[in-house]
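Everything on this sheet refers to the single structure shown next.
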There are 2 protein chains.
Amino acid sequence: MARVVKKAPVSVSPEPTFQGEETNRRSELVRAAGRLFREKGYSATTIRDIADAVNMRSGSPFYHFKSKQDILRTVALDGIATIHAAVAKPAASNKAPRARFEAMLTAHLNVLLGDEGRDIAATLLHESRHLDAEAQDEVIRLKDAYEGLWQAVLKELKTDGALTDDSALTRLFLMGAMNWTTQWYRHDGGRSPRQIARQLAKLLLRD
Amino acid sequence: MARVVKKAPVSVSPEPTFQGEETNRRSELVRAAGRLFREKGYSATTIRDIADAVNMRSGSPFYHFKSKQDILRTVALDGIATIHAAVAKPAASNKAPRARFEAMLTAHLNVLLGDEGRDIAATLLHESRHLDAEAQDEVIRLKDAYEGLWQAVLKELKTDGALTDDSALTRLFLMGAMNWTTQWYRHDGGRSPRQIARQLAKLLLRD
DNA sequence: TAGTCAAGCAAGCACTTGCTTGGTAAGATC
DNA sequence: GATCTTACCAAGCAAGTGCTTGCTTGACTA
């Protein structure tokens with residue numbers, strides 16, 4: 001209600017067509033959906049919520065996506081691709097394992113906690129179960145590939161003697177410690193992702 | 001459908017009143033709700049799902065609970081009380097800090113991953129945001145009290161020299177590593193909570 | 001100038017949702 | 001034996017739910 005006057009009888013300019021800003025309307029939907037999925041969860045978020053957030057009517061998102069699940073799929077795949085890309089960069093650097101490890105931690109946490117990626121990352125981590133089986137398989141495949149980056153650096157750290165155990169269990173503990181930050185991190189609080197990464201490295205590695 | 005014959009015209013015994021089994025119908029609802037909340041999430045679980053699971057009609061749970069949220073509140077508070085009680089016991093033992101720590105890890109993981117508590121624990125960890133503000137505050141209060149148990153043992157471990165940093169950050173990493181197990185633990189897999197606890201202790205503590 | 005197309009809107013359909021209401025059968029209590 | 005209480009059920013209401021349909025409009029194109 002009070003949303004749109006059906007036909008503004010006097011208005012001359014027929015809507016300023018707010019150009020520039022952001023090209024793609026579809027990606028606006030994805031961003032809005034990501035934020036809402038993080039804030040309220042997939043099931044509690046309605047198509048109407050998403051449409052409202054980008055100033056559409058409730059039927060219009062279905063021009064861009066064939067279903068609500070399709071939106072979720074897009075957000076989740078977007079999320080893991082973002083994390084992977086962010087971490088692959090420091091992982092490919094030629095720093096010493098320890099410094100490389102810390103840079104990877106920082107990259108992962110920057111996505112999870114930063115304004116850019118935290119919506120899609122949280123959606124990926126907490127709402128993937130609402131995907132259909134096929135999409136879930138795809139997420140798992142990409143996640144396994146991503147964790148391969150970590151397994152590799154853990155192995156090097158063991159070779160270096162900074163780590164005594166580079167088993168899958170160690171990797172899972174590491175993922176847990178990192179991904180759980182979304183549950184307690186406060187954006188107004190003092191600690192930066194960088195500092196958190198450093199502390200985590202210090203906890204896990206011995207010198 | 002095919003659920004209950006309205007009035008069995010010939011049946012003599014008017015329903016065997018399946019005694020014994022489990023006293024309280026209300027707690028059956030809580031258990032069923034916990035399982036469903038873990039499997040599908042709070043929002044995706046309907047009152048009809050919960051009622052079906054204990055063979056009631058969809059209006060009947062409202063005799064025991066005043067709203068769907070009230071069920072969630074009960075499950076969540078039940079969850080944290082269960083974890084707290086399970087960990088408080090080893091925490092109060094007079095073992096050496098290191099052994100005590102490992103016993104606490106085991107206790108926490110036994111609740112999270114065991115058949116008894118994993119439903120309510122998962123609900124607590126992942127669905128608390130759907131509580132109203134008041135209930136959320138109560139959960140946070142209890143959670144802070146619970147984490148106090150951990151902060152205390154971390155402090156002792158530092159005194160003992162097994163840990164270099166007993167800050168809140170260390171505790172949060174620890175909670176993350178533990179609570180994230182629910183995301184990957186397989187009940188058919190080889191590792192027991194006990195073994196996982198031991199490995200985690202080995203990763204965090206130095207000898 | 002007519003035709004095409006991308007990007008939406010208005011309306012609404014079929015269904016689901018949490019929850020309420022009036023009733024009722026079996027015990028417990030007086 | 002009359003009343004009260006417990007624990008439900010049958011029915012349904014009002015508000016949503018995902019999604020579809022037919023249409024419009026402004027920008028481009030032949």
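The sequence lines fix the lettering, A, B, ..., with proteins before strands; numbering per chain opens at 1.
In this structure, A:Thr46 reaches the sugar-phosphate backbone alone: every heavy-atom distance under 4.0 Å involves primed, P, OP1 or OP2 atoms, never a base. Residue-level contact check: B:Ser43 touches neither bases nor backbone, having no heavy atom under 4.0 Å from any strand.
When rounded to the nearest whole Å, the span between NZ of B:Lys40 and P of C:dT16 equals 12 Å. Atoms CD1 (A:Ile47) and P (C:dT16) sit 18 Å apart, rounded to a whole Å. Between the CZ atom of A:Arg57 and the C1' atom of D:dC19 there is a distance of 17 Å, given to the nearest Å. At whole-Å resolution of the value, CG in B:Asp52 and P in D:dA10 are 12 Å apart. Nucleotide D:dT17 holds its C1' atom 16 Å from the CG atom of A:Leu36, rounded to whole Å.
The backbone N or O of A:Glu102 lies less than 3.5 Å from no partner atom in the side chain of A:Lys95, so there is not a single donor-acceptor pair. Side-chain N or O atoms of B:Gln199 include none that pairs as donor or acceptor with a backbone N or O of B:Ile196 at under 3.5 Å.
Nearest nucleotide to the side chain of B:Met56, out of D:dC8, D:dG12, D:dC19: D:dC8.
Relative ring orientation between A:His126 and B:His126 is described as tilted, the plane-to-plane angle lying within the 30° to 60° band.
Of the options B:Asn94, B:Leu105, B:Val153, B:Leu157, a side-chain contact (heavy atoms from CB on, under 4.5 Å) to B:Arg100 is made by B:Val153 and by none of the others.
A heavy-atom distance below 4.5 Å is not found between the side chains of A:Arg31 and A:Val54.
Using a 4.0 Å cut-off on heavy atoms, the residues of residues 61-73 of chain A that approach DNA chain C are A:Tyr63, A:His64, listed by number.
The pair B:Asp144-B:Arg141 fails the salt-bridge criterion, with no side-chain N (NZ, NE, NH1 or NH2) lying under 4.0 Å from an Asp/Glu carboxylate O.
Residue A:Arg25 places at least one side-chain N or O closer than 4.0 Å to OP1 or OP2 of C:dG8.
In this model, a side-chain donor or acceptor of A:Arg48 finds a partner on the base of D:dG18 within 3.5 Å.
Place A:Ser60 and A:Asp49 on DNA chain D by their nearest nucleotides, and A:Asp49 ends up nearer the 5' end.
The environment of B:Gln151 atom CD is dense: over 12 non-hydrogen atoms of other residues, nucleotides or ligands sit within 6.0 angstrom.
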